[in-house]
Trainee: 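Take this structure first; my questions come after.
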Amino acid sequence: MLRRIYTKKLIVCAIALFAILLIYIVPNNKEKLDIKEEINYVNKDIETSTIFLLDSNNYLASTEIITTSKNTTDLAKELLQALIIDSSKQDRIPNGFKAVIPSNTSIRSLTYNEKVIKVDFTGDLMNTSLENEEKIIEAIVYTLTSIKDVDFVIIFMNGEILTKLPQSKITLPSTLDRSFGINKEYNITNTKNINKTTIYYISEFNDKEYYVPVTKVNNDSRNKIEIIVDELSSSNVYKTNLMSYLNNNTLLLSVNELEDEITLNFNSAIFNDINTKEILEEVIYTISMSINDNYNVNTIVFNVENEEIYKSVVKSIE
């Protein structure tokens, strides 16, 4: 009996000693582990600006980059730097896009006055392929005219206004605006009554959508808004990598154009859901951005069978 009692006491003592030994042998995580906590602060004041860069399909596309400049002149310089291949601003370019201006190009001077930017480049500006000559001009014009209160661009090269592209021999207006066009597609049967209409489509990279403008150059005599709606609602896909979400049964019933506002009256096929009377954001954007490039208006009203559904302020869409 006594032997059993002693045996139990010995076992209890052994367990207690083992437990004490563990406390000293096993490291105390709270004291020994070097725990580092990192707090990331998000800057809510980050600004972005629109820039037109080449996508993977060699279209100039509208996208956004982070910018820090506050005034028009500095912002224009910052955006143009991002358009130059291998410049210091290349780390801001989103995946799937690339700059278009040759790498050795530099900006000699840039001034802004009364909605006009004058920019003088070195001669390397046109040191590019025949295919990219016009794209360089388009990227510069569309990027700079995306800046608030910039409507026109005058491009100089080594101090002289650039009036002709060296390889294609295309003649340039001395003062450029968005009527110059972008990603042009030609379908001309004669040289009379040529019409240019810029239409925005949707493309994707890694499941992220962005907008691609295409200028249709043809002999279509219809109003530009009719061409825009017809092209965006066409059942035929324009290109396999360009899309539109506008239902092909959508009809433009009427158009009312005022001084700075345009009202579009559609049938109910424009609705994504007829019960909620919702129009897809992508439909509103493609139509609004297309109108912005073709009409001098600030507001676009979307009516469906004469009922106002949505009012878009064009400048806020960009």
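Just so you know, these numbers use all the heavy atoms, side chains as well, and skip hydrogens, waters and symmetry mates.
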Trainee: Can you list the steps and then say if Asp55 with Leu53 is a side chain to side chain contact (heavy atoms under 4.5 Å, CB included)?
Mentor: CA-CA 6 Å; Asp55 69 3; Leu53 298 164; over 6 Å; no

Trainee: Taking transitive links into account, so neighbours of neighbours count too, which hydrophobic residues share a cluster with Phe152 at under 4.5 Å side-chain distance?
Mentor: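 Via sub-4.5 Å side-chain contacts, Phe152 links to Val116, Ile154, Phe156, Ile161.
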
Trainee: Check the pair Leu172 / Leu162 against side chain to side chain contact (heavy atoms under 4.5 Å, CB included), numbers first and verdict last.
Mentor: CA-CA 7 Å; Leu172 302 178; Leu162 183 63; 3.9 Å; yes

Trainee: Please check if any side-chain donor atom of Ser146 sits under 3.5 Å from a side-chain acceptor atom of Arg178, or the reverse.
Mentor: yes

Trainee: Could you tell me whether Asn193 atom CG has more than 12 heavy atoms of other residues or ligands within 6.0 Å of it?
Mentor: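 Atom CG in Asn193 is not crowded, with 12 or fewer foreign heavy atoms closer than 6.0 Å.
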
Trainee: For the side chain of Tyr295 and the backbone of Ile225, is there at least one donor-acceptor N/O pair under 3.5 Å apart?
Mentor: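 Yes; at least one donor-acceptor contact below 3.5 Å.
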
Trainee: Over 60° means perpendicular and under 30° means parallel, so tell me whether Tyr142 and Phe52 are parallel, tilted or perpendicular.
Mentor: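 Ring orientation of Tyr142 relative to Phe52: perpendicular.
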
Trainee: Between CD1 of Ile65 and OG1 of Thr63, what distance do you get to the nearest 0.5 Å?
Mentor: 8.5 Å

Trainee: Using a 4.5 Å cut-off on heavy atoms from C-beta on, say whether the side chain of Thr48 contacts that of Thr67.
Mentor: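 Of all side-chain heavy-atom pairs linking Thr48 with Thr67, none is under 4.5 Å.
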
Trainee: Rounded to the nearest 0.5 Å, what's the gap from CD on Glu114 to CD1 on Ile117? Could you check?
Mentor: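 Result: 13.5 Å between the selected atoms.
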
Trainee: After noting the C-alpha distance and the side-chain angles of Ile202 and Thr286, does the key distance pass the side chain to side chain contact (heavy atoms under 4.5 Å, CB included) rule?
Mentor: CA-CA 8 Å; Ile202 299 167; Thr286 50; 3.8 Å; yes

Trainee: Verify the cluster assignment for Leu253 and Ile287: are they in a single hydrophobic cluster under the rule of side-chain heavy atoms below 4.5 Å apart?
Mentor: no

Trainee: If hydrophobic clusters are built from ILVMFWY residues whose side chains come within less than 4.5 Å, do Ile170 and Ile155 share one?
Mentor: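 Linked within one cluster.
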
Trainee: Tell me if a side-chain donor or acceptor on Asn223 pairs with a main-chain N or O of Glu226 at a distance below 3.5 Å.
Mentor: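 Answer holds: no.
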
Trainee: Show the nearest heavy-atom pair for residues Tyr211 and Glu282, with the distance to one decimal.
Mentor: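 What the structure gives for the nearest pair is OH-CA, 3.8 Å.
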
Trainee: Ignoring hydrogens and geometry, is there a side-chain-to-backbone donor-acceptor pair from Asp120 to Asn158 under 3.5 Å?
Mentor: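 Between the backbone of Asn158 and the side chain of Asp120 there is a qualifying donor-acceptor contact (under 3.5 Å).
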
Trainee: Is the backbone N or O of Thr215 less than 3.5 Å from a side-chain atom of Thr198, with the two atoms forming a donor-acceptor pair by type?
Mentor: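 It does not hold such a pair.
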
Trainee: Between Val141 and Ile182, is there a side-chain heavy-atom distance shorter than 4.5 Å?
Mentor: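 Answer no - side chains too far apart.
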
Trainee: Count the heavy atoms of every other residue, nucleotide or ligand shown that sit under 6.0 Å from CG of Asn296, and state whether that count exceeds 12.
Mentor: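 Open: at most 12 neighbouring heavy atoms sit under 6.0 Å from CG of Asn296.
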
Trainee: Could you grab the distance from atom CD1 of Ile228 to atom CE of Met289, nearest 0.5 Å is fine?
Mentor: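 CE of Met289 is found 12.0 Å from CD1 of Ile228.
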
Trainee: Looking at side-chain heavy atoms only, is the closest gap between Val229 and Leu246 below 4.5 Å?
Mentor: yes

Trainee: Does a salt bridge link Lys115 with Asp149, judged by any charged N lying under 4.0 Å from a carboxylate O?
Mentor: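 Salt bridge absent between Lys115 and Asp149.
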
Trainee: List the steps and the verdict of side-chain hydrogen bond (donor to acceptor under 3.5 Å, both in side chains) for Asn306 and Asn303.
Mentor: CA-CA 5 Å; Asn306 296 315; Asn303 285 359; 5.4 Å; no

Trainee: Check which hydrophobic residues are tied to Ile194 through side-chain heavy-atom contacts below 4.5 Å, counting indirect links as well, and list them.
Mentor: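 Via sub-4.5 Å side-chain contacts, Ile194 links to Tyr186, Ile188, Val217.
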
Trainee: Would you say the side chains of Glu64 and Thr50 form a donor-acceptor pair under 3.5 Å?
Mentor: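 Checked: Glu64/Thr50 side chains pair up, N/O donor to acceptor below 3.5 Å.
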
Trainee: Once rounded to the nearest 0.5 Å, what's the spacing between atom OG of Ser179 and atom CG of Asp293?
Mentor: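 Ser179 atom OG to Asp293 atom CG measures 10.0 Å (nearest 0.5 Å).
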
Trainee: So, using side chain to side chain contact (heavy atoms under 4.5 Å, CB included) as the criterion, who are the partners of Thr128 when residues are at least two apart?
Mentor: Pro102, Asn132, Glu133, Ile136

Trainee: Taking Thr73's backbone N and O only, do any of them form a donor-acceptor pair with Asn71's side chain (distance below 3.5 Å, no angle check)?
Mentor: yes

Trainee: Testing the basics here: between Leu176 and Phe180, what is the closest heavy-atom pair and its distance to 0.1 Å?
Mentor: CD2-CD1, 3.8 Å

Trainee: Among residues two or more places apart or on two chains, list those pairs meeting ring-ring contact (aromatic ring centres under 6.0 Å, His included) that have a residue in residues 98-129.
Mentor: none

Trainee: Can you tell me if Asn127 uses its side chain to pair, donor with acceptor, with the backbone of Gly123 under 3.5 Å?
Mentor: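 Side chain of Asn127 to backbone of Gly123, a donor-acceptor pair under 3.5 Å: no, none is there.
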
Trainee: Do side-chain atoms of Thr143 reach the backbone of Ile140 as a donor and acceptor pair under 3.5 angstrom?
Mentor: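 Not confirmed, Thr143 side chain does not pair with Ile140 backbone.
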
Trainee: Does any non-hydrogen side-chain atom of Lys118 lie less than 4.5 Å from one of Asn113?
Mentor: no

Trainee: Run the side-chain donor-acceptor check on residues 83-97: report pairs under 3.5 Å with partners two or more places apart or on a different chain.
Mentor:
from, atom 1, to, atom 2, distance (Å)
Ser87, OG, Gln81, O, 2.5
Ser87, OG, Ile84, O, 3.3
Ser87, OG, Lys89, N, 3.2
Ser87, OG, Gln90, NE2, 3.3
Gln90, NE2, Ala82, O, 3.2
Gln90, NE2, Ile84, O, 2.7
Arg92, NH1, Ile66, O, 3.0
Arg92, NH1, Glu78, OE2, 2.3

Trainee: Given 3.5 Å as the limit, does a donor-acceptor pair link the side chain of Thr122 with the main chain of Ser106, or not?
Mentor: yes

Trainee: Going by atom types alone, do Glu209 and Tyr245 pair a side-chain donor with an acceptor below 3.5 Å?
Mentor: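 A donor-acceptor contact under 3.5 Å links the two side chains.
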
Trainee: Checking side chain to side chain contact (heavy atoms under 4.5 Å, CB included) for the pair Leu54/Tyr59: CA distance, chi angles, key distance, verdict?
Mentor: CA-CA 5 Å; Leu54 285 173; Tyr59 286 114; over 6 Å; no

Trainee: Quick one: pull up OG in Ser168 and CE in Met126 and give me the separation to the nearest 0.5 Å.
Mentor: 9.0 Å

Trainee: Tell me yes or no: between the side chains of Glu261 and Asn256, is some donor less than 3.5 Å from an acceptor?
Mentor: no

Trainee: Assess whether a salt bridge exists between Asp230 and Arg222, defined as any Lys/Arg side-chain N lying under 4.0 Å from an Asp/Glu carboxylate O.
Mentor: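 So Asp230 pairs with Arg222 through a salt bridge.
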
Trainee: Side chains of Ile300 and Phe302: does their closest heavy-atom pair fall under 4.5 Å?
Mentor: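 They are in side-chain contact.
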
Trainee: Does any non-hydrogen side-chain atom of Tyr210 lie less than 4.5 Å from one of Glu204?
Mentor: no

Trainee: For a side-chain hydrogen bond (donor to acceptor under 3.5 Å, both in side chains) check, start with the C-alpha distance between Asn241 and Ser203, then their side-chain angles and the critical distance, and finish with the verdict.
Mentor: CA-CA 6 Å; Asn241 42 26; Ser203 193; 5.7 Å; no

Trainee: Do Ile101 and Leu125 come within less than 4.5 Å of each other through their side chains, counting heavy atoms only?
Mentor: yes

Trainee: Quick one: list whatever passes side chain to side chain contact (heavy atoms under 4.5 Å, CB included) with Asn195, sequence neighbours left out.
Mentor: Thr197, Asn218, Lys224, Ile227

Trainee: Between CG of Asn249 and CG of Asn267, what distance do you get to the nearest 0.5 Å?
Mentor: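 One finds 8.0 Å between CG of Asn249 and CG of Asn267.
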
Trainee: Are any non-hydrogen side-chain atoms of Thr263 and Glu308 less than 4.5 angstrom apart?
Mentor: no

Trainee: Donor-acceptor pair, Asn183 side chain versus Pro213 backbone, under 3.5 Å?
Mentor: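 Pair found, side chain donor or acceptor close to backbone of Pro213.
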
Trainee: Check the hydrophobic clustering (I, L, V, M, F, W, Y; side-chain heavy atoms under 4.5 Å; chains of links allowed) and say if Phe266 and Val301 are grouped together.
Mentor: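 No, Phe266 does not connect to Val301 through the hydrophobic network.
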
Trainee: Keeping Asn265 on the side-chain end and Glu305 on the backbone end, is there a donor-acceptor pair under 3.5 Å?
Mentor: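 Between the backbone of Glu305 and the side chain of Asn265 there is a qualifying donor-acceptor contact (under 3.5 Å).
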
Trainee: Do the side-chain N and O atoms of Asn248 and Ser233 include a donor-acceptor pair separated by under 3.5 angstrom?
Mentor: no

Trainee: Tell me the closest heavy-atom pair linking Ser244 and Leu232, and the distance in Å.
Mentor: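 Nearest heavy atoms, Ser244 then Leu232: OG-O, 2.7 Å.
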
